[in-house]
Amino acid sequence: MASAATCPSCSVTLDEVNVNTVQPVPCPVCATRILAQWFPAIMRSDNDATASRPSAVSDAVEASCFYHPAKQAAIVCENCGRFLCSLCDIELAGDHLCSHCIEAGKRKATLGHVEKSRTLWDEIALALSILPLLAWPVTVITAPATLFFVFRHWNRPLSIIPRTKIRYVLAVIFASLQIVGWTVFGYHLLT
Amino acid sequence: MARKTHNGYTRLAKGRRASGLVVATRQSLWLGEDHLLVVNNHGYTEDYKRFYFAQVQGVVLHQTPGGTLRMGLLLFVLLGSTLTLLPGLIFGWPATMNWVTGSLTGICAALLLIGQVKGPTCSCTIHTAVQSHRLHALHRLRHAVPALQQLRECIELVQGPLDPAQLTQIMMDGTPPLAGSRTRTAERGRKPQLRAIKTTTHAAVFVLLLGDCIHSAIRITQSGIALLAIGMLTGTALTVLTVLALVRQQNSTLPLSVRRTTWFAAGHLGICQAIGMVYAIICAISHPETSGDSWNRMKAMAAIQALESPGLMAILIYAIIASLVIGATGLRLLERHRIAASAPPPLQPPL
């Protein structure tokens with residue numbers, strides 16, 4: 001991947017006038033339209049990271065890090081209250097947490113900010129109610145299974161981004177219609 | 001336009017990208033309070049990636065030729081199918097053939113219209129200190145530029161704007177390497193050594209294409225083994241010269257338009273070769289008596305009258321249009337390049 005200051009198409013180094021423009025500007029060599037936006041974070045060097053290295057405990061009464069007893073404590077975990085050095089301190093959405101709490105949060109799904117993936121149960125329910133129609137006799141099993149699946153997962157969280165429960169509702173409607181159809185079919189068969 | 005939501009996220013963009021034969025991954029971008037959320041929807045699961053505004057170093061967007069190439073290809077097919085449909089209607093060719101070409105024309109026209117409305121394609125990458133990530137959702141320039149402006153506002157609220165003096169200093173000190181480019185920036189970031197080349201090979205390609213156009217036009221009314229042989233020789237010469245031109249134009253000072261036209265010529269030749277092979281197979285099937293006898297098969301192919309064969313007519317019409325458009329465009333662009341190259345350099349201001 002090319003640097004922000006080079007043309008992604010021909011790799012020619014861009015001029016100052018080609019960076020942080022409002023509209024895309026053509027590359028001086030290949031004429032590809034480019035919009036390169038730089039932000040002050042690009043000025044941060046590795047020295048900034050080394051500045052926050054934990055310092056050693058100099059006095060016996062000085063608080064030390066829970067995980068690194070030889071290092072000076074810099075902050076307290078806002079979840080469990082353990083003392084942390086600057087190395088163990090993890091800032092997440094304004095909160096300072098230790099790695100143990102983050103791991104526990106991930107496991108119990110209580111930390112939305114570290115969640116990496118979710119299963120879309122509503123999509124599965126909708127597929128379970130529609131796709132078996134291609135081999136319709138199996139709907140005698142899948143239709144009740146869909147209803148069970150919907151009621152089983154109704155209260156589970158959907159997506160992180162806004163999402164309604166319309167797929168669950170549609171799945172219930174389709175499954176109910178299939179059950180009604182099978183009931184009518186069975187009634188006619190018996191009478 | 002972004003849509004306000006109650007969930008703490010504002011939608012920035014939504015897009016679609018194919019990631020397999022069966023499942024298509026949809027990607028969408030959402031603005032959170034302090035981060036950009038990239039959501040990849042795989043159908044039954046979603047995965048999330050967060051880019052915190054405080055950590056974003058840069059966002060780079062550039063226009064890609066994908067959309068233009070698709071439009072060009074569609075235009076070729078549209079012209080070809082239209083010009084096949086017209087003689088089909090005039091000479092009363094089979095109705096099935098007219099239905100097929102008519103449907104093709106309609107589909108191409110609709111796709112062209114949609115492509116025109118959507119605008120040119122682009123590629124967008126976000127850089128942080130440790131990674132670079134392609135934002136597939138921003139794949140149309142029309143939507144990507146406003147979305148990027150919105151993202152820029154959010155990032156500048158956290159980081160503040162980059163001072164022009166800082167920008168100048170970065171440029172003077174040399175561009176700092178961005179994420180994911182630490183190893184490759186050194187080799188790719190260098191300005192490639194561009195060299196001036198003679199345009200004789202390119203000119204020969206475009207002139208031969210015009211010659212091929214004339215040959216195809218004659219083939220509509222005439223037939224014979226000599227014409228077939230000339231066509232085969234022209235095709236071989238064109239293939240060799242096009243490959244040579246493509247090799248020579250690497251890292252050259254030739255304008256991008258000429259280089260792209262040469263690539264179009266290569267694409268056209270590839271299509272012609274494929275069509276020719278299919279046509280030869282059809283001829284071999286329809287003339288089983290020529291099996292194992294190449295000379296007789298060639299004679300059988302050469303004897304086919306274009307006015308009696310809708311398939312051959314369609315191929316010839318396509319060849320005429322494509323060769324004429326690419327050849328004439330290429331020669332005109334080359335001429336313009338020659339004039340620009342021979343112009344005297346601008347006068348230097350007195351010291």
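Numbers restart at 1 for each chain; the letters A, B, ... are given by sequence-line order, proteins then strands.
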Original post:
Where does B/P161 contact chain A at under 4.5 Å (heavy atoms): side chain, backbone, both or neither?
Top reply: backbone

Original post:
With a 4.5 angstrom heavy-atom cut-off, which part of B/V56 approaches chain A: side chain, backbone, both or neither?
Top reply: both

Subject >> A/K116 side chain reached by B/D47 side chain, heavy atoms, under 4.5 Å >> reply: no

**OP:** Output the distance between atom CG (A/L35) and atom CG (B/L138), rounded to the nearest 0.5 Å.
**Re:** 11.0 Å

**OP:** Answer yes or no: are there more than 12 heavy-atom neighbours, outside B/K118 itself, under 6.0 Å from its atom NZ?
**Re:** no

Subject >> Residue pair B/E46 / A/S159: nearest heavy atoms and the distance that separates them >> reply: OE1-OG, 2.5 Å

Subject >> Atom OH of A/Y168: over 12 foreign heavy atoms under 6.0 Å >> reply: yes

Subject >> From CD (A/Q37) to CD1 (B/I155), nearest 0.5 Å >> reply: 8.5 Å

**OP:** Mind listing the closest non-hydrogen atom pair of B/L162 and A/P40 along with its distance?
**Re:** CD1-CA, 3.7 Å

**OP:** Taking all non-hydrogen atoms of both residues into account, name the closest pair between B/W30 and A/P162 and its distance.
**Re:** CZ3-CD, 3.7 Å

Original post:
With a 4.5 angstrom heavy-atom cut-off, which part of B/P255 approaches chain A: side chain, backbone, both or neither?
Top reply: neither

Original post:
How close do A/T21 and B/Q149 get, heavy atom to heavy atom, and via which atoms?
Top reply: O-NE2, 4.3 Å

**OP:** Let me know if B/L151 has heavy atoms under 4.5 Å from chain A in its side chain, its backbone, both or neither.
**Re:** neither

Subject >> Side chain / backbone / both / neither for A/T32 at chain B, heavy atoms under 4.5 Å >> reply: side chain

Original post:
At what distance, to the nearest 0.5 angstrom, does CH2 of A/W38 lie from CD of B/Q159?
Top reply: 13.5 Å

Subject >> Heavy-atom pairs under 4.5 Å with chain B, option from A/T119, A/L120, A/I124 with the top count >> reply: A/L120

Subject >> Heavy-atom neighbours of A/W182 CH2 exceed 12 at 6.0 Å >> reply: yes

**OP:** Please name the pair of heavy atoms, one in B/R152 and one in A/N20, separated by the smallest distance, quoted to 0.1 Å.
**Re:** NH2-O, 3.8 Å

Subject >> Within 6.0 angstrom of A/H96 NE2, more than 12 heavy atoms from elsewhere >> reply: yes

**OP:** Would you name the heavy atoms of A/V22 and B/V145 that are closest together and state the gap between them?
**Re:** O-CG1, 4.2 Å

Original post:
Is atom CH2 of A/W154 surrounded by more than 12 heavy atoms (other residues, nucleotides or ligands) closer than 6.0 Å?
Top reply: yes

Original post:
Relative to chain A, which segment of B/L61 carries a heavy atom at a distance below 4.5 Å: side chain, backbone, both, or neither?
Top reply: both

**OP:** Heavy-atom pairs under 4.5 Å with chain A are the metric here; pick the option from B/E156, B/H62, B/R259, B/E33 that has the most.
**Re:** B/H62

Subject >> Distance, nearest 0.5 Å, that separates CG of B/L148 from CD of A/Q23 >> reply: 10.5 Å

Subject >> Portion of A/P24 that has a non-hydrogen atom of chain B nearer than 4.5 angstrom >> reply: side chain

